[in-house]
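Bear in mind the structure is a predicted one, so any value in this text is a computation, not a measurement. Numbering starts at 1 and runs along the sequence shown.
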Amino acid sequence: MDLDVVNMFVIAGGTLAIPILAFVASFLLWPSALIRIYYWYWRRALGMQPSILMLHGFSAHKDMWLSVVKFLPKNLHLICVDMPGHEGTTRSSLDDLSIDGQVKRIHQFVECLKLNRKPFHLIGTSMGGHVAGVYAAYYPSDLCSLSLVCPAGLQYSTDNHFVKQLKELQESAAIEKIPLIPSTPEEMSEMLQLCSYARIKVPQQILQGLVDVRIPHNNFYRKLFLEMVSEKSRYCLHQNMDKIKVPTQIIWGKEDQILDVSGADMLAKSITNCHVDLLENCGHSVVMERPRKTAKLVIDFLTSVHNTDNNKKLD
């Protein structure tokens, strides 16, 4: 055999030996790292790891998602953000608190993070669901999928008791009595009962503490609430729901006293690719009442959506 040919085989063998030895060493010394790399590769290859942006509801804050995050896989890229004017965000008298204004602010946040370089999953609850749904209609290329948890912004044929109460308050200009803006422990207890199906007796000290935390922000909450129920914003999701084209999941508590569960059917009829999950014995605060179930539903939905997308690529 020619010496040059022998040298070529030796060099080729040595080149191949290096990664093989590295693989064997990794397997022997760091098997857990190797397994993580293996799953990371397949998640990337299959598109199974979209970022998830989570939008909370009215007068809440980003930490409300912690109960759900607890049950989500640790390798997901999760972003929980305070909605405009809430908790850690700034406030200005010039802020546009309409739903359109909030959508634009969230989009600015997304662009600042460059989150939309790759389509991400958006999830929102109540007011956050209203914003998330309109976001999906306005910026469809940003998203790969959408989860709406008992979203606001729909126009019902008949008003439930809560909405009738709100309209009476508006007519009488009694904005100090909005049920979702408590200023006493008693009002806080009533709000918790309104938002939840389970009837849990909360100690007076805890109720007082919850009220004390909210009172400094109540003037802002009133301003925001009146903007949300204004003609400009009230039915923004309803007006745009037929423009939502990404795969969409609806999660709703059957015993929701604030936003009627029939809204799920309305959305399902208007959104082409829509999956609905209705939860028994659950009220408006789905994220707080059923965090484990919410996490499972979201993950199952993401898995089904991405598996379907990958199967289409193979056809």
Side-chain angles (χ1 to χ4, degrees), residues 50-91 95 97 102-103 105-106 108-110 112-113 115 120-132 135 146-152 180-183 185 187-189 191-198 200 202-203 205-222 224-225 228 251 253 256 258-259 279 282-299 302:
S51 296
I52 301 178
L53 178 60
M54 313 176 88
L55 308 182
H56 64 73
F58 172 75
S59 77
H61 49 79
K62 61 182 179 294
D63 289 338
M64 72 165 287
W65 291 107
L66 291 178
S67 57
V68 173
V69 169
K70 175 182 177 182
F71 298 108
L72 291 172
K74 305 305 178 188
N75 53 29
L76 288 176
H77 180 214
L78 305 176
I79 303 168
C80 304
V81 62
D82 284 321
M83 297 295 285
H86 290 73
E87 195 71 11
T89 63
T90 57
R91 294 174 188 164
D95 289 343
L97 298 176
Q102 293 193 59
V103 169
R105 286 278 292 279
I106 295 299
Q108 289 172 351
F109 174 79
V110 165
C112 183
L113 291 185
L115 185 61
F120 62 91
H121 179 76
L122 181 60
I123 178 171
T125 182
S126 196
M127 179 192 77
H130 193 168
V131 173
Y135 189 108
L146 173 71
S147 291
L148 302 179
V149 184
C150 48
L180 298 180
I181 309 177
S183 55
E187 290 175 355
M188 174 58 73
S189 178
M191 188 192 82
L192 293 177
Q193 291 183 29
L194 179 65
C195 293
S196 303
Y197 172 75
I200 302 173
V202 181
Q205 296 90 333
I206 301 297
L207 291 172
Q208 184 64 60
L210 292 172
V211 169
D212 290 344
V213 169
R214 294 173 64 98
I215 283 177
H217 307 288
N218 275 357
N219 287 336
F220 166 76
Y221 294 151
R222 289 189 188 95
L224 172 60
F225 189 86
M228 285 168 49
I251 303 174
D256 192 334
I258 294 178
L259 300 170
L279 304 186
C282 184
H284 184 68
S285 299
V286 172
V287 173
M288 307 302 292
E289 291 185 79
R290 305 288 286 280
R292 185 192 296 269
K293 183 66 174 178
T294 302
K296 183 180 186 305
L297 289 174
V298 170
I299 291 303
L302 284 173

Worked verdict on Thr125 versus Thr294 for side chain to side chain contact (heavy atoms under 4.5 Å, CB included): CA-CA 11 Å; Thr125 182; Thr294 302; over 6 Å; no

Shortest non-hydrogen contact from [X] to [Y]?
X: Cys80; Y: Met54; result: SG-SD, 3.5 Å
X: Met188; Y: Val211; result: CB-CG2, 3.6 Å
X: Lys74; Y: Val69; result: NZ-O, 4.4 Å
X: Val68; Y: Ala295; result: O-CB, 3.8 Å
X: Cys195; Y: Ile258; result: SG-CD1, 3.6 Å
X: Asp256; Y: His284; result: OD2-ND1, 2.8 Å

Worked check of side chain to side chain contact (heavy atoms under 4.5 Å, CB included) between Thr89 and Val81: CA-CA 9 Å; Thr89 63; Val81 62; 5.8 Å; no

Side chains of [X] and [Y]: closer than 4.5 Å at any heavy-atom pair?
X: Ile251; Y: Val298; result: yes
X: Leu78; Y: Trp65; result: no
X: Leu194; Y: Leu180; result: yes
X: Phe220; Y: Leu97; result: yes
X: Phe109; Y: Leu53; result: yes

Verdict with reasoning, Leu224 to Met228, per side chain to side chain contact (heavy atoms under 4.5 Å, CB included): CA-CA 6 Å; Leu224 172 60; Met228 285 168 49; 3.9 Å; yes

Under 3.5 Å donor-acceptor, [X] side chain and [Y] backbone:
X: Gln102; Y: Pro84; answer: no
X: Ser189; Y: Pro185; answer: no
X: Asn218; Y: Pro182; answer: yes
X: His86; Y: Ser59; answer: yes

Once rounded to the nearest 0.5 Å, what's the spacing between atom [atom1] of [X] and atom [atom2] of [Y]?
X: Ile52; Y: Ile123; atom1: CD1; atom2: CD1; value: 7.5 Å
X: Arg290; Y: Tyr197; atom1: CZ; atom2: OH; value: 10.5 Å
X: Leu55; Y: Met127; atom1: CG; atom2: CE; value: 8.5 Å
X: Ser67; Y: Glu289; atom1: OG; atom2: CD; value: 11.0 Å
X: Glu187; Y: Leu192; atom1: CD; atom2: CG; value: 12.0 Å
X: Cys150; Y: His130; atom1: SG; atom2: NE2; value: 13.5 Å

Flag if over 12 foreign heavy atoms under 6.0 Å of CE, Met288: no

Over 12 non-hydrogen atoms of neighbours within 6.0 angstrom of CZ in Arg91: yes

Pairing residues for Phe71 by the ring pair (Phe, Tyr, Trp, His ring centres under 6.0 Å) criterion, not counting sequence neighbours: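 Result, ring pair (Phe, Tyr, Trp, His ring centres under 6.0 Å) vs Phe71: none returned.
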
Where at least one partner belongs to residues 55-64, residue pairs that pass salt bridge (charged side-chain N to carboxylate O under 4.0 Å, His left out), sequence neighbours excluded: Lys62-Asp82

